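Computed from a prediction, not measured in an experiment: that's the story for all the values here.
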Amino acid sequence: MTDWTEMLKQENLTPEEQKWVCNKLMTSESHMEQLILKYFTAADFRAVNARRIGGGVIGGKACGLLVARKLIALKMPELAAHMEPHNSYFIGTDVFYQYMVLNRCAELKARHKLEKEHFQEAEELTRRLQNGKIPEDIQAQLEEMLDHYGNLPIIVRSSSIMEDGYGNAFSGKYESVFCMNQGTREERLKELEDAIRRVYASVMNESAIEYRRKRHLLDMDEQMALLIQQVSGQTYGDYYLPVAAGMGCSYNPYKWMEYLNPRAGMLRMVVGLGTRAVERTPGDYPRLVGLDRSQANLRTTLADRHKYSQRQVDVLDFQNKQLCTKKLDEIIDLLPKWQKKLVLSRDTEAEDMLAERHVYKKVYFADCQGIVDNHEFISMMYSMLQMLESKYECPVDVEFAITCPEENTWKLNLLQCRPLQSAASEQVHIPTGVDDNLLFDVRQTTMRRSKTELIDYIVWLDPQKYYEYPYAKKTDVARLIGRINRHFETVDKKLMLLVPGRIGTSSPELGVPVSYAEISQFNAICEVAYKDAGYHPELSYGSHMFQDLVEADVYYGAINDNRNTRLYQPELLRRYPEVLEALLPGEAELTDIVKLYDLSGGRASLILDAGQGRAVCRLGGPNQG
């Protein structure tokens with residue numbers, strides 16, 4: 001049979017030839033393959049191959065990006081004036097294989113696949129991946145790619161064959177590494193090669209391994225391709241950033257306002273690089289937009305709008321040669337007037353108070369209100385997300401950046417698109433009347449699908465004792481939750497976690513700094529308010545943690561100290577045996593903080609009613625059938 005690359009020289013391909021080319025160049029995953037074969041032409045395949053470095057397929061993330069862009073071009077040509085042109089390269093999976101063999105990693109990786117969680121040489125494999133040599137023929141192609149980008153910043157992103165596909169998103173499990181791409185050609189190449197090594201080594205991330213284990217993927221050969229993208233943005237002095245960036249979902253699986261329509265979708269936007277839109281940002285508040293209520297402010301007063309706004313901005317810092325977080329005040333004066341109107345609002349009430357003290361200054365806060373008020377943009381995002389959901393035949397989520405180099409113009413750069421997993425709802429019934437056995441009854445503080453789930457164990461953290469525990473040792477509490485998580489990995493039990501403040505935060509004073517790998521076994525997770533210690537839930541819609549919970553069909557809710565929480569009675573948990581020390585001896589210092597209650601004999605249940613926007617946890621009597 002003719003070599004498939006020779007086929008690409010033909011003007012048209014037969015269906016059989018098209019499938020062969022797709023499998024050799026892009027993917028053999030059935031759902032994505034179907035979309036590609038339906039919409040891609042021989043010219044499209046040639047364009048992809050022209051941007052490919054090395055052999056092998058380009059991986060899931062790259063395929064999702066290209067399919068989404070092709071669908072937009074075909075189905076919504078009226079958006080062309082607002083779309084940034086595609087400017088990416090792809091490093092094929094064969095390069096990863098070459099790298100593994102060249103740096104004596106292949107045998108260790110094969111043993112890791114065979115021995116799974118019993119593999120003892122993870123550190124050595126990670127070390128070799130982090131310090132390996134790039135094949136010389138690939139180095140030459142990387143240099144040509146750098147010539148194309150010039151001195152524009154780029155980002156090296158994972159694009160494994162299992163990533164961003166139907167059933168497995170791998171949200172945030174692998175590294176993405178920014179390259180400043182400044183200096184001599186040798187300096188730029190070294191920076192790029194170091195970034196490639198970091199992404200390759202991230203296949204051994206604890207969270208990535210746990211994700212594969214949880215989804216029974218440890219037997220599959222993880223082949224890592226890479227997606228190289230130009231970073232959207234422009235230069236502002238020593239900084240480089242887009243005016244705004246964010247993520248969007250075509251279906252909003254959580255409701256934060258009573259009248260939001262889940263099927264309208266939502267956006268989560270920030271000023272600057274989109275890293276703050278997909279990560280938990282302590283003390284910072286990205287802008288959430290329900291696409292059916294885009295004009296509605298989520299907090300009604302100006303003071304609340306300012307309080308719950310973005311205070312820090314992620315930028316590329318050319319002087320320090322790295323990704324940095326800067327205070328908003330350091331960025332404001334760099335923005336031209338028309339960009340300020342898009343992303344900043346003024347707190348006139350604060351300005352009036354300062355004026356009374358003879359201090360005259362403009363007080364800005366970042367809420368992307370000008371973008372939200374732009375009907376053309378909101379309408380475009382809604383239509384685009386709904387179209388993609390229709391063609392994917394399931395909800396999708398996307399990542400994007402917005403640039404605005406001139407007044408009255410804006411451009412959208414679509415950076416990623418993947419299926420968003422969402423299970424179907426069940427019929428549920430929440431009994432009416434007084435019920436003394438309710439652990440909690442909450443409304444409108446997020447909702448997954450409607451379902452009823454029995455709960456066998458509840459992990460509860462004492463908020464006051466957690467607050468009093470030494471700051472430097474609070475991470476020990478997160479590690480204990482991880483140990484509980486691991487204990488139940490091989491047992492078919494349903495777990496609920498009740499934590500003070502925020503889950504997955506990097507700031508222990510705001511909540512519990514667990515990673516995904518430390519909570520992967522939990523079926524329900526609630527952030528609990530405790531005002532005496534200043535713990536306030538802040539559900540992280542749109543973040544990678546959020547995506548993990550959506551994909552795993554986990555209930556993620558907030559028990560607040562406001563009208564949305566009708567009832568919360570943690571004292572009822574004392575009815576049940578506390579079994580932490582019995583199951584996990586050696587944690588005596590933390591048993592006053594972390595409680596593990598065995599409810600398996602009491603028929604405790606979590607009832608979720610998406611229609612009412614209500615979540616109820618009912619505890620049966622101890623040791624009842």
If you count heavy atoms of other groups shown closer than 6.0 angstrom to CZ of Arg479, is the number above 12? yes
Between the CG atom in Leu328 and the CD atom in Glu330, the distance rounded to the nearest 0.5 Å is 9.5 Å
Please determine whether the number of non-hydrogen atoms from other residues, nucleotides or ligands lying under 6.0 Å from atom CZ of Phe488 exceeds 12. yes
Side chains of Ile503 and Leu497: does their closest heavy-atom pair fall under 4.5 Å? yes
Could you check if a side-chain atom of Asp592 sits within less than 4.5 angstrom of a side-chain atom of Asp462, using non-hydrogen atoms only? no
Which atoms form the tightest heavy-atom contact between Leu498 and Leu573, and what is the distance? CD1-CD1, 4.4 Å
Let me see the working for Tyr469 and Glu589 under side chain to side chain donor-acceptor pair (under 3.5 Å), right down to the final yes or no. CA-CA 10 Å; Tyr469 200 57; Glu589 183 178 349; 2.8 Å; yes
Should Glu389 and Ser250 be marked as a side chain to side chain donor-acceptor pair (under 3.5 Å) after you check the CA-CA gap, both sets of side-chain angles, and the distance that decides it? CA-CA 7 Å; Glu389 177 178 310; Ser250 65; 2.6 Å; yes
Between atom CE of Met100 and atom CD of Gln223, what is the distance when rounded to the nearest 0.5 Å? 10.5 Å
Is any side-chain heavy atom of Leu580 closer than 4.5 Å to a side-chain heavy atom of Ile484? yes
For Pro513 and Tyr466, which heavy atoms make the closest approach, and how far apart are they? CD-OH, 3.7 Å
Contact between Met224 and Ser158 at the side-chain level, heavy atoms closer than 4.5 Å - yes or no? yes
Side chains of Pro500 and Tyr467 in contact at under 4.5 Å (non-hydrogen atoms): no
Does Asp561 form a salt bridge (Lys or Arg N to Asp or Glu O under 4.0 Å) with Lys531? I'd like the steps, not just the answer. CA-CA 8 Å; Asp561 47 9; Lys531 61 183 179 181; 5.3 Å; no
Any side-chain heavy atom of Trp460 within less than 4.5 Å of one from Met496? no
Is the shortest side-chain heavy-atom distance between Arg483 and Glu587 below 4.5 Å? yes
State, with a plain yes or no, whether a side-chain heavy atom of Leu385 is found less than 4.5 Å away from one of Leu267. yes
Between Tyr597 and Tyr457, is the ring centroid distance below 6.0 Å? no
Minimum heavy-atom separation for Glu399 to Arg157, with atom names? OE1-NH2, 3.3 Å
Kindly compute the distance separating CZ (Phe365) from CD (Gln310), expressed to the nearest 0.5 Å. 12.0 Å
